[in-house]
Amino acid sequence: MPRVRFAPSPTGYLHVGGARTALFNWLYARKTGGTMVLRIEDTDRERSTDAHTQVILDGLTWLGITWDEGPLFQGANLEQHQAGVRKLLDAGRAYHCFCTREELESQRAAAAAQKTGFRYNGRCRSIPADEAARRRAAGEEATVRIRMPDGELAWDDAVHGRISFQGHDLDDFVILRSDGTPIYNLAVVSDDIAMRITHVIRGDDHVSNTPKQIAIYRALGAQEPVFAHVPMILGSDGKKLSKRHGATAVGDYQDQGIFPAAMRNFLALLGWSPGGDREILPEAELIDLFSLEGIQSKPAVFDTAKLEWMNGQYLSATPAGELLPAVTRQLGRLGVDAGGRALEPLIDGVKARSRTILQLAEQVAVRLAGPKGEPDARGIALRKKLGPAFAEHLRRAVAVLESLPADEWGAESILAALTASAEFAGAKLGDALQPIRVVLTGGTVSEPVNELLVLVGREAALERLRRAAAETEPVG
RNA sequence: GGCGCUAUCGUCUAGGGGCCUAGGACACAGCCCUCUCAAGGCUGGAACACGGGUUCGAAUCCCGUUAGCGCUACCA
């Protein structure tokens, strides 16, 4: 049975790229009946925080990504990592390096000045073990470097096919800091071996780490896992997705009222395709269709418009009743009290015109509490265009609607009454109705006016219309 | 600079030598519907980076070129 892991470092929020990596791991585990391990890579003590860990856990949970083991913390495995280094040292596959940070930095600067790449010069490579032991006993600080073998370091990547590096292009990199704590590549390999990880599914930014990790696997005499490097997610300018592209944290989308299922569907299709034309794929289909081979080898641009479209698809497919809790929560945030009214009809009325729960809740709020402040630009433009007629239409509407008894306050009779009145006055139906829409919603966009009136309710609608008619009445 | 990865409409992609005058989706434009806007339906514009091979035949295979991206720490 495959064992996969998602291994974020808690140094920031759960990024959409990380979320997608987690999703692919999860999909693969669920598809194959394997095990998903969650490991928090907190070896960078300076930048790791518990708050970030919690945000990552929350983000995964929101997306519906579950894990079977963990969360495990890499920091807890210090002794295991050190034991691995000792084993490498004993086998002569690693050695102590006494070069100081300052020496290394000046070498790096010199290399940069000459526009040539920096590579560790191997100065400490040939220091005999007993001499190294003596110097360390004398209090000299040392890191541990792996002895990088010559020859090929290649693997058959599950998404890219064969990828090959040459050992002599890599240098003897540090695996243990002078303070005795492990460096990322060592810790990862050590943990992946200990956790019996069979498939390492991670971002493309790790492909250049892979040959280094393979060198460690070999030096440790351990079996290498299958590697699958999934492509990066880019911003609209083709550059690596970052803060300046707008929302990149999973939590941002949660706040915007995106459905977890829509986000998951969208993320899955970013860099992966089941083949064919299917787009809207529920969880079960995603799992059933998923394969590592279906993962794209080129990076993908994150397209918010398509995410919102997809969310709209999920929104229309979700019955109003299921939307109720989320809408109620948003209404609370907007400070609008439903006053015990049944929200479902309101939700159904505006559902098709919303792409996110947030937009939907805002529309419901307007129908409940009336628009806030002045109408929008198009509403004002209409008022100007109609001039005095705007108020006339309103007054006529008020008169007709008032004459409609409460028990006849239905979409059909309202439309009939309004149509007849407009006809009698020789007004175009559109001109007669649009002012009502503007007063009731603050804009020129809504469900049909007769339905809008039903949703707002007789008393509230009449009250708002009367007031607006009076306000817009020409002086004299 | 070195090493590596990648290359189909603006974007996500289908495509595994002939089914391709390259299909779908988002976005865009137009039309239908219509009291507005959506939704929905229909229509349209829009791509195989370039150059060489291989082959009867190449978006598909090979080699270059170009471009983009990633990595190049006692970060992860």
Side-chain angles (χ1 to χ4, degrees), chain A residues 7-12 41-44 46-48 74 97 99-101 104-105 108 111-112 114-120 141-145 157 160 163-166 169-171 173-185 187-188 203-212 229 231-232 234 236 238-240 266 269-280 296-310 312-313 316 350-355 378 382 415 418-419 422 428-434 436-438 441 443-450 452:
Chain A
S9 55
T11 54
E41 312 225 311
D42 57 348
T43 51
D44 184 350
E46 312 262 301
R47 297 190 298 153
S48 301
Q74 191 158 57
C97 173
C99 297
T100 65
R101 245 178 263 252
L104 259 14
E105 259 159 43
R108 218 186 315 276
Q114 287 171 31
K115 288 198 169 183
T116 122
F118 169 77
R119 196 99 61 75
Y120 173 63
E141 285 209 332
T143 59
V144 175
R145 287 181 185 272
D157 195 276
H160 292 278
I163 298 181
S164 168
F165 286 77
Q166 293 298 325
D169 286 328
L170 272 22
D171 60 359
F173 61 95
V174 173
I175 55 176
L176 195 74
R177 297 186 184 92
S178 51
D179 67 0
T181 60
I183 287 294
Y184 172 74
N185 279 311
V188 165
D204 256 353
D205 48 344
H206 284 288
V207 327
S208 42
N209 278 322
T210 304
K212 297 179 182 179
H229 289 94
M232 307 265 75
L234 273 25
S236 49
K239 297 253 159 52
K240 192 171 172 177
F266 175 74
L269 255 26
L270 206 56
W272 172 77
S273 165
D277 293 341
R278 305 278 315 273
E279 297 254 30
I280 302 297
Q296 200 78 13
S297 46
K298 68 163 182 180
V301 173
F302 191 90
D303 181 5
T304 314
K306 189 153 186 175
L307 201 213
E308 289 187 356
W309 165 80
M310 187 164 281
Q313 296 292 304
S316 350
V350 298
K351 225 168 72 166
R353 261 164 297 269
S354 311
R355 290 199 150 185
R378 283 200 286 191
L382 181 87
L415 183 61
L418 252 17
T419 307
K428 282 195 284 186
L429 188 59
D431 286 344
L433 299 186
Q434 200 65 312
I436 303 177
R437 175 175 282 119
V438 170
T441 68
T444 56
V445 171
S446 85
E447 56 276 64
V449 165
N450 57 326
L452 176 65

Sticking with atom [atom1], work out how far [N] lies from [M], rounded to a whole angstrom.
{"N": "A49(B)", "M": "A67(B)", "atom1": "P", "value": "16 Å"}
{"N": "A46(B)", "M": "A22(B)", "atom1": "C1'", "value": "13 Å"}
{"N": "G15(B)", "M": "G23(B)", "atom1": "C1'", "value": "9 Å"}
{"N": "G45(B)", "M": "G30(B)", "atom1": "C1'", "value": "11 Å"}
{"N": "A7(B)", "M": "A59(B)", "atom1": "C1'", "value": "12 Å"}
{"N": "G16(B)", "M": "C69(B)", "atom1": "P", "value": "31 Å"}

Find which nucleotide of RNA chain B each of Glu447(A) and Ser316(A) is nearest to by heavy atoms, and output the residue with the more 5' nucleotide.
->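 So the residue in question is Glu447(A).
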Ser354(A) or Phe165(A), whichever maps to the more 5' nucleotide of RNA chain B |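 That would be Phe165(A).
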Considering all heavy atoms of both residues, which atom of [X] and which atom of [Y] are nearest to each other, and what is their separation?
{"X": "Leu104(A)", "Y": "Cys99(A)", "value": "CD1-CB, 3.9 Å"}
{"X": "Arg119(A)", "Y": "Asp169(A)", "value": "NE-O, 3.7 Å"}
{"X": "Glu447(A)", "Y": "Val350(A)", "value": "OE2-CG1, 3.9 Å"}
{"X": "Phe266(A)", "Y": "Asp303(A)", "value": "CZ-O, 3.5 Å"}

From C-beta outward on [X], which listed nucleotide comes closest to its side chain: [options]?
{"X": "Val207(A)", "options": "C75(B), G4(B), C71(B)", "result": "G4(B)"}
{"X": "Asp205(A)", "options": "A7(B), G70(B), C74(B)", "result": "G70(B)"}
{"X": "Ala305(A)", "options": "C3(B), A27(B), C37(B)", "result": "A27(B)"}
{"X": "Ser273(A)", "options": "U13(B), C74(B), C35(B)", "result": "U13(B)"}
{"X": "Leu270(A)", "options": "C12(B), U36(B), C74(B)", "result": "C12(B)"}
{"X": "Arg101(A)", "options": "C74(B), U11(B), A73(B)", "result": "C74(B)"}
{"X": "Asp303(A)", "options": "G24(B), G10(B), A76(B)", "result": "G10(B)"}
{"X": "Ile183(A)", "options": "C74(B), C35(B), A25(B)", "result": "C74(B)"}
{"X": "Ile163(A)", "options": "C5(B), A7(B), C74(B)", "result": "C5(B)"}
{"X": "Ala352(A)", "options": "A39(B), G24(B), C35(B)", "result": "A39(B)"}

Does [X] reach a base, just sugar-phosphate, or nothing at all? Heavy atoms under 4.0 Å.
{"X": "Ser48(A)", "value": "nothing"}
{"X": "Glu279(A)", "value": "base"}
{"X": "Lys240(A)", "value": "sugar-phosphate"}
{"X": "Val449(A)", "value": "base"}
{"X": "Ser9(A)", "value": "sugar-phosphate"}
{"X": "Thr181(A)", "value": "nothing"}

Quick one: the side chain of [X] and the base of [N], do they pair up donor-acceptor inside 3.5 Å?
{"X": "Lys306(A)", "N": "A25(B)", "value": "yes"}
{"X": "Asp431(A)", "N": "C35(B)", "value": "no"}
{"X": "Thr444(A)", "N": "C37(B)", "value": "no"}
{"X": "Asn209(A)", "N": "A76(B)", "value": "yes"}

Under a 3.5 Å cut-off for both contacts, is [N] paired Watson-Crick or G-U wobble with anything, and if yes, with which nucleotide?
{"N": "G70(B)", "result": "C3(B)"}
{"N": "G16(B)", "result": "none"}
{"N": "G10(B)", "result": "C26(B)"}
{"N": "G64(B)", "result": "C50(B)"}
{"N": "U36(B)", "result": "none"}
{"N": "U21(B)", "result": "none"}
{"N": "U55(B)", "result": "none"}

Hey, are the side chains of Thr143(A) and Ile183(A) touching, using non-hydrogen atoms and a 4.5 Å cut-off?
->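 Not in contact.
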Separation of atom [atom1] in [X] from atom [atom2] in [N], rounded to whole Å:
{"X": "Leu170(A)", "N": "C71(B)", "atom1": "CG", "atom2": "P", "result": "15 Å"}
{"X": "Leu104(A)", "N": "U72(B)", "atom1": "CG", "atom2": "P", "result": "15 Å"}
{"X": "Gln166(A)", "N": "G4(B)", "atom1": "CD", "atom2": "P", "result": "8 Å"}
{"X": "Leu415(A)", "N": "U34(B)", "atom1": "CG", "atom2": "C1'", "result": "12 Å"}

Is the distance from OP1 or OP2 of [N] to the nearest side-chain N or O of [X] less than 4.0 Å?
{"X": "Arg355(A)", "N": "A39(B)", "result": "yes"}
{"X": "Gln296(A)", "N": "G15(B)", "result": "no"}
{"X": "His206(A)", "N": "G70(B)", "result": "no"}
{"X": "Thr11(A)", "N": "A76(B)", "result": "no"}
{"X": "Arg177(A)", "N": "C75(B)", "result": "yes"}
{"X": "Arg108(A)", "N": "A73(B)", "result": "yes"}

Could you go step by step and tell me if Thr419(A) and Leu429(A) meet the side chain to side chain contact (heavy atoms under 4.5 Å, CB included) rule?
-> CA-CA 6 Å; Thr419(A) 307; Leu429(A) 188 59; 4.1 Å; yes
How are the rings of His160(A) and His229(A) set relative to one another: parallel (under 30°), tilted (30 to 60°) or perpendicular (over 60°)?
->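 Tilted.
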More than 12 heavy atoms from other groups under 6.0 Å of CZ on Arg353(A) |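 Yes, because the 6.0 Å sphere around CZ of Arg353(A) holds more than 12 heavy atoms from other groups.
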Would you please test Arg437(A) and Thr441(A) for side-chain hydrogen bond (donor to acceptor under 3.5 Å, both in side chains) and show each step?
-> CA-CA 6 Å; Arg437(A) 175 175 282 119; Thr441(A) 68; 5.8 Å; no
Could you list the residues that satisfy salt bridge (Lys or Arg N to Asp or Glu O under 4.0 Å) with Arg278(A), not counting sequence neighbours?
->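 For Arg278(A), the residues satisfying salt bridge (Lys or Arg N to Asp or Glu O under 4.0 Å) (neighbours in sequence not counted) are Glu285(A).
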Thr181(A) and Thr43(A): CA distance, side-chain angles, deciding distance, side chain to side chain contact (heavy atoms under 4.5 Å, CB included) verdict | CA-CA 8 Å; Thr181(A) 60; Thr43(A) 51; over 6 Å; no
Report the C-alpha distance between Val188(A) and Asn209(A) in whole Å, list the side-chain angles of each, state the deciding distance to 0.1 Å, and finish with yes or no for side chain to side chain contact (heavy atoms under 4.5 Å, CB included).
-> CA-CA 11 Å; Val188(A) 165; Asn209(A) 278 322; over 6 Å; no
Could you write out each protein N or O paired with an N or O of nucleotides 45-48 of chain B at a distance under 3.5 Å?
none

